[in-house]
A.B. asks: 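Pasting a structure here, questions to come.
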Amino acid sequence: MTRKANSRQRLQASLQSGTDLPVLRPRSEVAAAYAEKDGLAFLRLNLKAWHGLVLLTLLLFSAGVAEAQSGNGREGVFSILIKWTPLLLDGFVFNILISVMSMALGTVVGAFLGLMQISLLPQVRFGSWFVTQFFRNAPWLVLLFYAMFMLPFQFEIAGVTIPFPDWVKAVIGLSLPVMANVSELVRGAVQSIPSGQWEAAESLAFTRRQQIWQIIMPQCVKRMLPPWMNLYAILTMATVLASVVGVNEVMTLADQVKAAEGGRTDLLAPLYGYILLLFFIYSYPIARLTVQLERRYAVKI
Amino acid sequence: MDIFYNWFRELYEATGINLPIFYNTFDRERFFSGLMMTIYLSAVSLIASVVIGVVGAWLQGSKLVWTRRIVQVYIQFFRNTPPLVQMYFFYFGLSALLPTFENEYGFQQPILGAFAWACISLSFFAGAFNVEIFRSGIEAVPETTREAAESLGYSRLGAYIHVILPLAFRVCLPALNNNLVNLVKTTTLAYAIAVPELLYVSGQIWSDYANVPEMMTVLLLIYVGLVGILVMSMNRWERAMRLPGYGT
Amino acid sequence: MSTANWTDDQPIVSLKDVHKSFGDFEVLKGISFDVKKGEVVCIIGPSGSGKSTLIRCINALTEINSGSIKVEGIEVNDPNLDKLELRKRVGMVFQQYNLFPHRTAIQNVMMAPVQVLKQPKQEVEERAYALMKKVRLDGKEHSYPGELSGGQQQRVAIARSLAMNPQVMLFDEVTAALDPETVKEVLATIKDLAQDGMTCMLVTHEMGFAKEVADHMYFTDQGVIVEDGPPAEFFANPRDERTQKFLGQII
C-alpha cells in the first residue's frame, strides 16, 4: 500500500518535473531532489480530537472501577470530582502561572547566558558554558529542592523586608533548568547560521553588537521557536514537582481533597486521572502547534 | 581510606561543614545504597524504555489502523502529561485498585511495590519518546536503500537486520541519548513515592543531621557528575558510530 | 524448477505484453521484447515514458499487472515467485548508487554473498578484491561510501552487484546523478563488462555511449516501444516521427 503510494508519488513528481524534453535534468535540480531525500525526517503526528476522547474514556473507566468498589452509602466518584472541580481548577491555574513566570525568567536570563557562550572573550565563554552545562545536567527536582532550602524566607533591602514565599522560590528553582536550556538553544541557533552571514555583516561595517542583534538574532528566532515551545511544555509538566516541596498547586490540592473525603484510596485513580486530563488538555494543543511550526519553518529554511 | 574519612570529621569539627556520609559508616552505607538504587532504577527503566521504543516503532508500521492509533494515543498521553502525576496515578491510584495478597507476617501487601511502579511509570514515560525517536530513524533511511538491499536478494527481515536498523540506529542515536539522559534525571521523581534512591536517602540524612546545605550541594554535584559521565560516554559512542564521510 | 528447460540459445530475458498501472495512470501499455545472452540493450526515451519502471519490473522491485516476464525461464509475474532465485540471476545498479553507508566498500561487495547466499567468507573475500580491481578501485577497499566520489561509489555498486554472479545486469540511469568528469569512468566500467560478454540492459541518456556499446536500441514513449533496431540504423535513420523529434532534441 505505502510502497505503491510512494512509487506513485515519485512517478507523479517525475512527470511534473520532467517536460517531454529528453535532456538531462539540471544538476541543481538533481541535487535538490537528493537534499530533500536525505533531509531529516520530521515527526509526523496525526492528532485528532478523538485522542482526547480516548483519554476521557480512560478517566471514566478508572472512575467507574472506583464507583463499583465504593459500595453503598458513599458518595459517587463523579459527584465528588464535580464538587471539587473549582478548587482543582484554581490549583491548576496556579500551575500555569508558575510555568509562565518561570519561563519568562528563565528565557531572559538564559538568552544572556547563551550570548555569553558566543562571546569573543574565552573566560566569559568558558564561564557561561560551565554554568549552562551544570544546570542542564542537574535533575529538575534537585534544583527545585536547592532553591527551596537555600533561598532565604525573606530579603531585607534598605530596611524593607521583602517576603520570599514558597511559590516564588519554586519559580526561581524551575527557572534554573529553563535558563540553561535556553542558553544552549541560543548557542546552537547562532552556530547554525552559516559563517558567511557573519562575514557579510562584517564586510558591511556592522559592529559586533549590530551583527548579533540585527543580522544573526532575527534569523535565529524562527528556528528557536519550536524547541522553545517544547521546553515550555516540559516546564509545565514539571510544575507539579512544586507539590513535593509543599506549594499549593493542583497535586497538593488533590491530596487535600482526598483527606476531606475521608482518605478514600479508591478516589486516587480518578483524581490523578482528572489532573492528567487537565494537563493533557492544556499541553496537547501546544504540542500540535509546535509540530506545525517545526514543519513550516523546516520548509522555508 | 580512614585518613580520608577522618579528614571530613576534622573538617566538621573545624568549620562546621557536616558531611556524615563520609565519616559515619552507617550514613556512608545508606548514601551509597541510595546511589546504587538510582543507578539500578536508571538501568532497568532505560532497558525497558528502549524495548518499548523498538516494539512501539514496529507496531506503528503495522497495517492495522487501530494498532497504529493505540500506539499514537499511548505516545500522546505520556508525552503531554506530567511524569510525576503518572507515577502517582500508577502507584497510588492503580495500585489501590489492584488486589492485594497476604505476606508472611499476615499483613495485606500490594502485588507491586514502589520500586516496581517507579520502573513501570518511568519506562512508559521514556518509552513514549523512544517510539517516536526510533520511528523517525527508520523513516530517515531512504526507500531506495531498502530497494538496493532487496535487489541483492535480502528478504524483508534480512534487510531490516543488516541494513535498515543499523542505519536507523545511527540516525536516531543523538536523540535517543538525549532522552536517556533525561530519563536518568527523571528517576529523582521516585523520591515522591518513597523509593530509597539518592534523593530520598539524602532527605533522610539531612533530616537526621540538619545539614541541608551540605547535603544539597553534594547531591547536586553527584547528579551533575553522574549525568556528565553519561553524556560524555554517549558522545564518545556517537562519534564511534558516526558514518564516515557524512556530516561533521 | 522451470530453469531446467531453459537453454542458452533461448532469450535470457523475455517480456510479453507487460502492463503496469500506478492507480489510474498506465505506465506500461503492453511491452514485449527479448534479450539474448550476451546482448547489450539500451532503452531510451523521454522522462515519464516508463523506461525505469520497465527495468524495475524485471527485478520484481515493481509488480506488473498483467503479461509475462521471464528471466532464464523463471516467470517473474508469479505470486509464488522465489525472489532469491530471481535476484541471484539479475543484478541491478541504481541512479542513486544506494551503497550501504555503514559498511566499507569491500564490505558492501561482500555483504550479500555472505549473508544472503551463505557462501564461505574467505572465497567471497577473494572474489571481492578481484572485483574491486576489475572496476579499477583497488586501494579503495577500506574506504566508506561517504569518503568516495559519486563515480567511485557507482563503481562499487557495480562490483557489489557482480559479486552475486548475475546472468543479467540492469542499469537504471546510472550516470544521471554523477559529475560530468566521473561519468566517463563509470561508462568505461560498463563497457568492460559488455565486452566480457555480460548481458546488460541499460536505461540511459548517454546517446554517444549507447551508440558505441549497444547491440540493440529501444525507444519508449508513453508506455509503448515506439521503435527499435541496431544502433547504427536506429541513430542514422529513425523511422518514427517521435523518435526523430527525440533524437533531434538531444543531439
A.B. asks: So how far is it from B:Phe77 CZ to A:Leu277 CG, rounded to the nearest 0.5 Å?
C.D. replies: 8.5 Å
A.B. asks: Counting a contact as any heavy-atom pair under 4.5 Å apart, which residues of residues 198-212 of chain B contact chain A?
C.D. replies: B:Leu199, B:Trp206, B:Val212
A.B. asks: Aromatic contact between B:Tyr191 and A:Phe145, with the criterion being ring centroids under 6.0 Å apart: yes or no?
C.D. replies: yes
A.B. asks: To the nearest 0.5 angstrom, please state how far the CG atom of A:Leu271 sits from the CZ atom of B:Phe92.
C.D. replies: 12.5 Å
A.B. asks: For the CZ atom of B:Phe78 and the CG atom of A:Leu276, what is their distance to the nearest 0.5 Å?
C.D. replies: 8.5 Å
A.B. asks: Quick check on B:Leu189 against chain A: is it the side chain, the backbone, both or neither that has a heavy atom closer than 4.5 Å?
C.D. replies: both
A.B. asks: Shorter than 4.5 Å, heavy atoms on both sides: which option in B:Leu221, B:Ile222, B:Thr188, B:Asn182 has the most such pairs with chain A?
C.D. replies: B:Thr188
A.B. asks: Indicate the atoms forming the closest heavy-atom contact of A:Tyr272 with B:Val85, along with that distance.
C.D. replies: O-CG1, 3.7 Å
A.B. asks: I need the minimum non-hydrogen distance between B:Phe89 and A:Gly273, along with the two atoms involved.
C.D. replies: CD1-N, 3.5 Å
A.B. asks: Would the distance check show the side chain of B:Thr81 and the main-chain N or O of A:Phe280 forming a donor-acceptor pair, the cut-off being under 3.5 Å?
C.D. replies: no
A.B. asks: What part of A:Ser243 lies closer than 4.5 angstrom to a heavy atom of chain B: side chain, backbone, both or neither?
C.D. replies: side chain
A.B. asks: Would you be so kind as to tabulate the donor-acceptor pairs closer than 3.5 Å made by side chains of residues 226-236 of chain B, with sequence neighbours excluded?
C.D. replies:
| unit_1 | atom_1 | unit_2 | atom_2 | d |
| --- | --- | --- | --- | --- |
| B:Ser233 | OG | B:Ile229 | O | 2.9 |
| B:Ser233 | OG | B:Leu230 | O | 3.0 |

A.B. asks: Indicate every side-chain donor-acceptor pair of residues 129-141 of chain A with a distance under 3.5 Å to a residue at least two apart or in another chain.
C.D. replies:
| unit_1 | atom_1 | unit_2 | atom_2 | d |
| --- | --- | --- | --- | --- |
| A:Thr132 | OG1 | A:Gln117 | NE2 | 3.3 |
| A:Thr132 | OG1 | A:Ser128 | O | 2.7 |
| A:Thr132 | OG1 | A:Ser183 | OG | 2.9 |

A.B. asks: Considering only heavy atoms, which portion of A:Ile234 lies under 4.5 Å from any heavy atom of chain B: side chain, backbone, both, or neither?
C.D. replies: neither
A.B. asks: Heavy-atom pairs under 4.5 Å with chain A - which of B:Thr217, B:Leu219, B:Thr186 has more of them than the others?
C.D. replies: B:Thr217
A.B. asks: Given B:Leu220 and A:Tyr146, is the side-chain contact (heavy atoms from CB on, under 4.5 Å) satisfied, shown in steps?
C.D. replies: CA-CA 8 Å; B:Leu220 204 54; A:Tyr146 207 80; 3.9 Å; yes
A.B. asks: Can you check whether anything in residues 122-131 of chain B gets within less than 4.5 Å of chain A, heavy-atom wise, and list it by number?
C.D. replies: none
A.B. asks: Kindly give the heavy-atom pair with the smallest separation between A:Met237 and B:Arg79, and that separation in Å.
C.D. replies: CE-O, 4.3 Å
A.B. asks: Atom OH of residue position A:Tyr282 - does it have more than 12 heavy atoms of other residues, nucleotides or ligands inside 6.0 Å?
C.D. replies: yes
A.B. asks: So B:Leu84 and A:Val244, do their side chains get closer than 4.5 Å, heavy atoms only?
C.D. replies: yes
